[in-house]
Amino acid sequence: MTRVAVLGGGQLGWMLGLAGIPLGCSFAFLDPVEGAPSAAVGELVVGGLDDIEAARRAAAGAAVVTYEWEGVPAATARALESHAPVYPPARALDVSQDRVVEKQTLQTLGIATAPFHPVESLADLRRAVDAIGLPAVLKTRRGGYDGKGQSVLDEPAGLDAAWKLLGDERCILEGFVTFDRELSILAVRGRDAEVACWPAVENHHRDGILRLTRAPAPGLDDALQARAEASIRPLLDELDYVGVCCVELFDVGGNLLANEIAPRVHNSGHWTIEGAETSQFENHVRAILGLPLGSTAARGPSAMVNCIGTMPDRDALLRTPGAHLHDYGKSARPGRKLGHVTVTAPDDERLEARLARVRELCDGAGLP
Ligand code: AMP
């Protein structure tokens, strides 16, 4: 058995375990929550992700250390480097945890982003608005996710209020992108620097939370796929990355702007479990262990629906052809990702019919 230690023990860790166990791996997870989803597939060490002693306990005997949350303190990842290789490298955390460093890194690599300015005071904010124009989006540099820690500025009169809301922390001002749609590109890079990309996917959010992914993205052609891959390949090489990474993109008339880097398996890649030759979870495990990577080809059209705040009726869902249920075993709470459903079909027409039924079941009563 090859031992894999994972920092974070949520549903992503659970799915890493489900994919890695058949490859001959055993898992240990570090998570602050007793009974976190990953406890079902390995040993759970309960402790804060900043608790280096607890992290060392989780990493004991591990051939490799990885993480399933981009908020893991880079110091924890670095402290474990003397025990076992840590993949993705800790620098991926440094870059993705600070939106200014993230966007600077992307731009240095020739990957287009929205215009941006670091903002540390109200005076900075005014200067940044002069440079970028309105509308614009003010975001905290660190810690924001799922649309939290952000404020859209439409008019100069709103600057003071936005600064009062977010200005306790260092911020970034970004130009507001009027995108046609949101895409993401997932890639895996092996220890030998081989890179494979899954087809780019289209993402739909509600209340800042991913609701639906369509894979491959409708209308995806070779040219768009190539542009999406050009938004991630240079980054993976620059970071000497190992494992799965995701870059979230805005599609503006076929031109892509990178918005965010997730240095981990990603919700917009859950469709790969049933929808691709090799899932993001299996390929992440293969990559960090230095095993050959599997094909990232799609098996056909598919879609993924997140179950947020409530789970669909299990019997009804399982009676729907092509529907695959993933229940993370979490207690229900408004706005919480409790599970997801992947829908597969032999063609687009049947996918739409099956997806309509799955959405009906998942969007049932109780949604926030
Ligand atoms: P983020 O936390 O950066 O992933 O942003 C969450 C969501 O806010 C994105 O998925 C977009 O829908 C929206 N958003 C973020 N940044 C911008 C931007 N610069 N322009 C327009 N919409 C944005």
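All ligand and atom numbering here is 1-based and tracks the order in the structure. Below, each value reflects all heavy atoms present in this structure, side chains not excepted, and no hydrogens, waters or symmetry copies.
- Of all the atoms in ligand 1, the ones that sit under 4.0 Å from a non-hydrogen atom of K139 are 3 (O), 15 (C), 16 (N).
- Each of the following atoms of ligand 1 lies closer than 4.0 Å to a heavy atom of E182: 9 (C), 10 (O), 11 (C), 12 (O).
- A donor-acceptor pair under 3.5 Å links the side-chain atoms of D180 to the main chain of G253, judged by distance alone.
- A salt bridge does not link E43 with R57: every distance from a Lys NZ or Arg NE/NH1/NH2 to an Asp or Glu carboxylate oxygen is 4.0 Å or more.
- Considering each of F250, F116, F176, the one bringing a non-hydrogen atom nearest atom 17 (C) of ligand 1 is F250.
- For ligand 1, the atoms closer than 4.0 angstrom to any heavy atom of E174 are 16 (N), 19 (N).
- With respect to K139 and E174, a salt bridge is recorded, a charged nitrogen being found less than 4.0 Å from a carboxylate O.
- The ligand atoms of ligand 1 that sit less than 4.0 angstrom from a heavy atom of G175 are 18 (C), 19 (N), 20 (N).
- Side-chain contact between R206 and D363 is present, with heavy atoms from C-beta onward closer than 4.5 Å.
- With salt bridges taken as basic N to acidic carboxylate O contacts below 4.0 Å, none links R299 and E274.
- A side-chain donor-acceptor contact under 3.5 Å links R286 to the backbone of P292.
- Heavy-atom proximity to F179, at under 4.0 Å, picks out these atoms of ligand 1: 12 (O), 21 (C), 22 (N).
- Of the heavy atoms in N259, only side-chain atoms (C-beta onward) come closer than 4.0 Å to ligand 1.
- Within ligand 1, the atoms closer than 4.0 Å to a non-hydrogen atom of R99 are 1 (P), 2 (O), 3 (O), numbered from 1 in the order shown.
- Proximity of V137 to ligand 1, defined as any heavy-atom pair under 4.0 Å, is confined to the side chain (atoms from C-beta onward).
- Here the rule is side chain to side chain contact (heavy atoms under 4.5 Å, CB included) with N267, and of L12, I209, L210 only L210 fits it.
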